[in-house]
Amino acid sequence: MARPRSEDKRNAILDAAIAEFAVRGAWSTPTSAVSRAAGVAEGTLFTYFASKEVLVNELYRQLKTELAEVMLADWPEEADPKTKYRHVWDRYVYWGVDNPEKFKVMSQLKVSDQVSDESRAAGMAPFLRLEVLSTDCIKKKLIRDQPLPFLGAMFGAMAETSMAFVAQASDKKAGAAYCEAGFETFWRGIAES
């Protein structure tokens with residue numbers, strides 16, 4: 001009779017994968033290193049994740065879900081669009097600053113051809129509210145009419161630049177200034193004049 005799976009072991013494996021992938025790279029890290037860091041036998045890892053590719057895809061989905069939960073928490077439903085964009089901007093920037101290993105791994109996985117289309121779609125599903133916001137703003141001519149993937153890439157690139165400067169800032173006030181400056185630069189770039 002097979003032993004029941006433990007949610008604690010599964011989470012330990014995912015946490016170990018984040019730590020090891022952040023140091024060694026997602027595709028350079030052997031599963032034996034992840035197992036060792038998780039404190040489980042390598043065979044146990046394969047009980048929870050049939051292959052390294054399955055582990056990587058599950059980790060990608062988990063990180064995207066966590067990020068969506070952080071970015072969309074306390075969503076300001078009645079606020080103006082600029083305030084809504086600022087809401088997700090701040091949460092993304094500070095999530096990356098507070099979780100540098102997760103951010104590093106997410107950055108690797110989002111450009112990996114080993115993450116399946118199905119995982120990418122599942123990872124984007126929780127962000128539908130942002131797609132609706134952008135589409136609505138374009139329709140109302142509040143932001144420039146650009147393809148949503150382009151707007152998303154610009155948001156990500158500028159937020160991630162701000163994230164790096166916030167993380168290096170000498171104090172919280174300086175970090176907040178970088179976050180503000182980054183957002184204002186982004187907003188001026190997409191807002192209709």
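Keep in mind that the numbers below use all heavy atoms, side chains included, and drop hydrogens, waters and symmetry copies. Along the sequence shown, the residues carry numbers beginning at 1.
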*Heavy atoms only: give me the nearest Met163-Gly96 pair and the separation to one decimal.*
SD-CA, 3.4 Å
*Do the side chain of Tyr48 and the main chain of Leu55 share a donor and acceptor less than 3.5 angstrom apart?*
no
_Any side-chain to backbone donor/acceptor pair from Lys52 onto Ala26? Under 3.5 Å, distance only._
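Flag set: sc Lys52 to bb Ala26 pair under 3.5 Å.
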Donor on one side chain, acceptor on other, [X] and [Y], under 3.5 Å:
X: Ser134; Y: Tyr85; value: yes
X: Gln108; Y: Trp27; value: no
X: Glu42; Y: Ser32; value: no

Measure the [atom1]-[atom2] distance between [X] and [Y] for me, rounded to the nearest 0.5 Å.
X: Asn99; Y: Glu66; atom1: CG; atom2: CD; answer: 6.0 Å
X: Leu59; Y: Ile13; atom1: CG; atom2: CD1; answer: 12.0 Å
X: Leu72; Y: Lys84; atom1: CG; atom2: NZ; answer: 11.5 Å
X: Lys104; Y: Leu109; atom1: NZ; atom2: CG; answer: 12.5 Å
X: Arg129; Y: Met71; atom1: CZ; atom2: CE; answer: 12.0 Å

Flag side-chain contact, heavy atom, 4.5 Å: [X] against [Y]:
X: Phe21; Y: Glu101; answer: no
X: Arg24; Y: Pro30; answer: yes
X: Val70; Y: Tyr94; answer: no

_Phe165, CZ atom: more than 12 neighbouring heavy atoms under 6.0 Å_ = no
_Asp171 atom CG, neighbour heavy-atom count above 12 within 6.0 Å_ = yes
Among the clusters formed by ILVMFWY side chains lying less than 4.5 Å apart, do [X] and [Y] turn up in the same one?
X: Val54; Y: Leu45; value: yes
X: Leu133; Y: Leu128; value: no
X: Trp75; Y: Tyr92; value: yes

Under 3.5 Å, which donor-acceptor pairs do the side chains of residues 138-158 form with other protein atoms, sequence neighbours left out?
unit_1: Lys140; atom_1: NZ; unit_2: Asp136; atom_2: OD2; d: 3.1
unit_1: Arg144; atom_1: NE; unit_2: Gly189; atom_2: O; d: 2.7

Indicate every side-chain donor-acceptor pair of residues 174-186 with a distance under 3.5 Å to a residue at least two apart or in another chain.
unit_1: Glu180; atom_1: OE1; unit_2: Arg86; atom_2: NH1; d: 2.4
unit_1: Glu180; atom_1: OE1; unit_2: Arg86; atom_2: NH2; d: 3.2
unit_1: Glu184; atom_1: OE1; unit_2: Lys82; atom_2: NZ; d: 3.3
unit_1: Glu184; atom_1: OE2; unit_2: Lys82; atom_2: NZ; d: 3.4
unit_1: Thr185; atom_1: OG1; unit_2: Ala181; atom_2: O; d: 2.8

Please table the atom pairs, donor to acceptor, closer than 3.5 Å between any side-chain atom in residues 118-127 and protein atoms at least two apart or in another chain.
unit_1: Glu118; atom_1: OE2; unit_2: Arg61; atom_2: NH2; d: 3.1
unit_1: Ser119; atom_1: OG; unit_2: Asn57; atom_2: OD1; d: 2.8
unit_1: Ser119; atom_1: OG; unit_2: Arg61; atom_2: NE; d: 3.1
unit_1: Ser119; atom_1: OG; unit_2: Ser116; atom_2: OG; d: 3.1
unit_1: Arg120; atom_1: NH1; unit_2: Lys110; atom_2: O; d: 3.1
unit_1: Arg120; atom_1: NH2; unit_2: Ser112; atom_2: O; d: 2.3

